[in-house]
Structures are given as structure tokens and as C-alpha cells.
There are 2 protein chains.
Amino acid sequence: MYSSQRLPPFAAIRVFEACARHENFTRAAEELGMTQSAVSYQIKILEKRVGSPLFLRQSRRVELTEAGRILAMPTIDAFQRLRSGFAAVDAAAQKTLSINTSPTFALNWLSPRLSNFQVAHPGLAVRVAISCDETDFGRAEVDVAIRYGYGNWPGLTAHKLMASAFTPMLSRDLLDRIGVLAQPSDILIHKIIDPGDPYWACWLEHAGVDASALSDRIGSHLGSQSNEARAALEGQGVAMLTPAFFRTELEMGRLVQPFDLVASDRQAFWLVYPQTRKNERKLMAFRKWILSEMDQSGNSKIG
Amino acid sequence: MYSSQRLPPFAAIRVFEACARHENFTRAAEELGMTQSAVSYQIKILEKRVGSPLFLRQSRRVELTEAGRILAMPTIDAFQRLRSGFAAVDAAAQKTLSINTSPTFALNWLSPRLSNFQVAHPGLAVRVAISCDETDFGRAEVDVAIRYGYGNWPGLTAHKLMASAFTPMLSRDLLDRIGVLAQPSDILIHKIIDPGDPYWACWLEHAGVDASALSDRIGSHLGSQSNEARAALEGQGVAMLTPAFFRTELEMGRLVQPFDLVASDRQAFWLVYPQTRKNERKLMAFRKWILSEMDQSGNSKIG
DNA sequence: TGGAATACATAAGCTCAGCTTGTGGCTATT
DNA sequence: AATAGCCACAAGCTGAGCTTATGTATTCCA
């Protein structure tokens, strides 16, 4: 049900709209930031296209013809709708921040701290979209993501938040039961939660312990640090965890970190977003907040 | 009360409108008669300008984002208004034909014949705007004019309708009273209506009569042939008239043309209109009608 | 009455937005 | 595997849409 006719050139329509409001080419030109000459030219184009004059050229003023009057109303109206539409989308686009991240980071780092951000930005609704694999910015309505990796995502800007950091942890109860862990190799005597986790091998190597025995072990693959941490808290064994994610548990003594040694590879958590969107207000606000939050925790210094 | 914000480039808005309707860039491109590539480019422009994505690029289709949805409604709506506005003006512009001409031509030629035209074009309302001096096409809402002159109006197309043609006429009653008019010079004996009319001098010259005496004569200047004709009909004297305008009176015998000799200068009646409007339907219709009407009367052959 | 000011029209010429062409990549379908 | 459908992107061209400069007509004012 669309009038199938092709519309005249838009530049001309825009100029007409302004002229129809002012009934004055010079004023319209000023409003549009162009010369009176250009306005005159565009109106002429439009009149040629429409097939009849739209303005009567009186001395020192122009006056809408009947055709001009017929056209003026819907045109002015249409432009008003466009303007308010773009104003609305401008406002709305900065109202919701959608953060995509992994379950682990969301649960153990972001969620506990997000209320600070929300207090600081009461006009901004935050939506945390948790996904296990990296969601594509082109395919999902995500403003920013916190991703784990090497910081090299093409087309995306990445800010390093926190280097990878792993160290064995276990519950105090379990430690009490097994007595002292004097040196790293002692850990291998005990049950290891998810021995297939490559960070076990990594940490043991850092510690100078032969890790070859690990590969044969049977253990559960729980898929996220949260799950492994729960198992560790329940005393089911020793888990390889990121200290920054379990600061509270460590401080409260519910989890114990038997060795100072923290292993790391070249990976890290990164704040990432499309390069093209770097200047959005909501994005700048979040970037500023999360970087300062990381700074305060001293996490960004690690690795 | 206008959102003062500058709208994004119109090409981009137009493309967005089509894409929002189709949720498919390729279809939109087809509708707009451009390449998919151009559509993609314009949408990217608009997204950059708006500051957030408007479409999610799914495989084999695109989908509006929330921002896109907010924008789609008012945009589609605005375009609908524009389209119907232009459709309305298209229709309206061809609905009324405004003809500007002199009182003489209007009264003595056009009015009696105009009903033929209106019967042939029932959808077209005709407005005859009578004015003594030539009205400016730029200043008045006039579609066509019938002007008397040499056919050289800059910027206007002119079709010759009828060469100037003048000959003395008088009422039958008066002729009966004065008896026979054997030769042109006999006229000078009688009362001449408006002897200042240059066509008296012109006709007498054609007739080989010395017209110098005329200049001293006192007479009324009635301003239009209609008025002079009325005076002649009332038997007040001999008037210099255009035969084509008084065909009926001649046929009915109310006016008599004593001599076959018809004088003419280089002037004529012309159908004129702005060159730029030559292809308007209503104008073409009127041009065709009036030229064929002239042809039938054989007037265009004179002079 | 004449000259200053205001407003629109027009000619000429430049510049870059907006296109096209061509290609590549991804995904669904068979 | 092969095909077809759809979008992104790079490179390069061109003319629409400007600007500048000037002309014309009217009004205003001293």
C-alpha cells in the first residue's frame, strides 16, 4: 500500500520543507547552513519535478502556491516525525548497556561490583548477557563484552582488565584433614578437581613439578570456576582457581591458597567493543568505571 | 518547537526506510534501484551517525535492533506521508487550469467556446483570470495566458493563434441611415468611435486613404473592443473591430462590415506558457484544444 | 530622486558523497 | 561437496549539489 511513485531528490525535499516553514528562501538557507543560491536551485529542481511552481516569487518574499500549500503540510509533518524519531533513538540508545561475558566473570567479578556502576549511572539500565562462547557483536545486541583471550580481536578495541592467574585452592576443612602442604608436589597426592584443566599443567610447570601423571587422572570437568569452587568449598578436592574471583572466600577463610605461586599464561580478561562505537557515552562510562575498578583491586598489575 | 538536531544524510534515511520495511538489504536495493553494496554502505553511514547498530546481521537475513525498531516506525510513517503528499500535489496540480487573458479575448472568443473544452475534459476545472496588463507567470498562479503581441516573450513558449485583423464595422441601422459606403474614404464623413485607435490609421493606410485628418478628431476611448462594439451596435458610429470576435453579430446582420479589406500589423494573439511547463497534461490538453479550435475557425490563416 | 538594502535568479565551476563494479566470506540447503 | 543466497568491503568514477560571483527587481529612506 505504498504510493509506488518515486520521491523527488531528498535534498530538494529538505530544502522545500524549510522554505515552506519560513516562506523565505534566505531564512531557509540560514537554517540549513547553505547559501540562498543553493536553496533557489533546489526549489527549482523540485518545481520541475513536481511539474508546477510551488512558490510565487513576489517582491522581497515568496509565497506558497496552491500546490505548494498542498505539499507543505505533509512534508513539514513528515520531517517532524523524522526529527522526533531520531531524537528518540538517540535517547534510547544511550539508556541500556548490554554487557556480554562468561558465566565465571559475571558471577565472580562483575555481579558483585555492578551495583557501584548502577549507582553512579542511575539513568543507565544494565543488562548482563551471559554466554559461554564469544557472541558476535554483529549478531547480538551487545554493547560491550568481557572476553578471555589474547586481546587480538579484529575490528574490536580491547582493554586489558586482568591477566590470567591461577593457583590451587582448597577448603580449610580439607586442608586441616590432610595436614600440611609443604611443597607444590604434595598436592598431587590429593584429589584434584578437573585435572584435565590445562592450568594445572601450567601451574605445576611453573612450580617445577612433573605434571605428566595428571593426564591419566580421572576427574570431573565442571566447566566453570564457579562450579569448581563449589566443589572445593565442599571439600571435594583441590581446585585451580583465580584468586581475584574468590577474594571474599579467601579472606573469610572458607578457601585457602596454600602456595603464593600464581601461574599465568599470556591470556587475560579484556574489555572489548567495536572500534566504531568507542565514543558512545554509555560505553565510555562503563569503560572508565571498569578500568578504575580494576585499578583499585590491583588486578591489572598482575602478570 | 522543532527538534533542532540535524538529520542524518537523507540518502541514508531513505535506504533505511526501505531496509526497515523489507528487513533485507538486497530487496531494499532492488526497490530503490541501486546495488546491494550501496545499501550496505548507506546503512553503515546511518549506524555510525546514530551511534548504534540498527540491524543485526544474521546469516542470510538482517533483523532490526531495538534502536532500529524505534527508528523504523516514525521513518516509514514519515515516508508514507511524503509519498502521499507528492501524490496529492500531482493530482491536484492537474485538476485546475488557470487561463489568463485580456477582457476582449475572454469575452469575444474564449468564453463562448470554453464549454467545448470543459465537456472534453470534465475532470479539469477551468479558471479564466482576466487582466488588462500581462501578468507575470512567476507572480500569479496562472498556467497559460493568451497574449497579444509579437510572440517574443523570453522564457515563454508562444503559439500563434490569430493574427491581428481589423476592419470598420457599424450597425445595419446606421448604414441604412447614411446610405451607401462606396469607398473607404467615405467612412471619414461619419462618426468614428475612438479615432485615436492606431488601427484606424493602419486600416486607412492600407486602403490608401489619407488619415491625417483623424488625429484631430474627438472621440471616446472605450478601452476594449467589446465596448466599442456595443457603441457601434447602438448606432453611435463606425468602430474598428476584429471580425473573428463578432462573427455572430455579422452573421445575424446586427453589425455590417462594409469593406472586405482587413488590416493587420505584425501582432497577433498568442497562447503562451513557461517553457518549463510544456509537458504538463492539462497544458497539453488546452494547447491542443485551442489550436484545433483556431484551425476550424480558419483564423490562423489570416495574416 | 537617487542610492542603500533586501531578496531571488542565474552562470560557472569545483568537490566529494554516493554510487558501481568486483570480490570475498559466511551459512543454509542439496 | 557443491550451490545459491546474502552481506561486507575496497577501489575508483561521476554528477548532484554545492559555492562564488553577479544580475535584476523592489522597497525603503534621506
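Note that these values count all heavy atoms, side chains included, but never hydrogens, waters or copies made by symmetry. Here is how names work: the chains are called A, B, and so on, in the same order as the sequence lines, proteins then strands, and each is numbered from 1.
For the pair B/Phe10 CZ and D/dG17 C1', the interatomic distance rounds to 14 Å; values are reported in whole Å. Atom-to-atom, NE2 of B/His22 to C1' of D/dG5 comes out at 16 Å; the value is rounded to the nearest Å. Atoms OH (B/Tyr41) and C1' (D/dA11) sit 13 Å apart, rounded to a whole Å.
Where DNA chain C meets chain A (any atom under 4.0 Å from a heavy atom), the bounding nucleotides read 5' to 3' are C/dT6 to C/dT27.
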Give me the distances for all protein-to-nucleotides 6-9 of chain D N/O pairs that come in under 3.5 Å?
{"from": "D/dC6", "atom 1": "OP2", "to": "B/Arg27", "atom 2": "NH2", "distance (Å)": "3.1"}
{"from": "D/dC7", "atom 1": "OP1", "to": "B/Phe25", "atom 2": "N", "distance (Å)": "3.0"}
{"from": "D/dC7", "atom 1": "OP2", "to": "B/Thr26", "atom 2": "N", "distance (Å)": "3.0"}
{"from": "D/dC7", "atom 1": "OP2", "to": "B/Thr26", "atom 2": "OG1", "distance (Å)": "2.4"}
{"from": "D/dA8", "atom 1": "OP1", "to": "B/Arg57", "atom 2": "NE", "distance (Å)": "2.2"}
{"from": "D/dA8", "atom 1": "OP1", "to": "B/Arg57", "atom 2": "NH2", "distance (Å)": "3.3"}
{"from": "D/dA8", "atom 1": "OP2", "to": "B/Ser40", "atom 2": "OG", "distance (Å)": "2.9"}
{"from": "D/dA8", "atom 1": "N7", "to": "B/Gln36", "atom 2": "NE2", "distance (Å)": "3.2"}
{"from": "D/dC9", "atom 1": "OP2", "to": "B/Lys44", "atom 2": "NZ", "distance (Å)": "2.1"}
{"from": "D/dC9", "atom 1": "N4", "to": "B/Ser37", "atom 2": "OG", "distance (Å)": "2.4"}

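Ring geometry, B/Trp270 versus B/Trp153: the interplanar angle exceeds 60°, so the pair is classed perpendicular (tilted spans 30 to 60°). Using bins of under 30°, 30° to 60° and over 60° for the plane-to-plane angle, the ring pair A/Phe117/A/Trp289 lands in the tilted bin.
Side-chain atoms of A/Phe16 and A/Ile45, non-hydrogen and from C-beta on, never get closer than 4.5 Å to each other. Using a 4.5 Å heavy-atom threshold, the side chains of B/Arg6 and A/Phe86 count as separate. Annotation: side chain of A/Leu46 is not in contact with side chain of A/Val15 (no heavy-atom distance under 4.5 Å).
Here A/Glu17 pairs with A/Arg83 in a salt bridge; the nearest charged N to carboxylate O distance falls below 4.0 Å. Ion pairing between A/Arg21 and A/Glu31 holds under the 4.0 Å rule for side-chain N and carboxylate O.
No side-chain N or O of A/Thr104 forms a donor-acceptor pair with one of A/Ser226 less than 3.5 Å apart.
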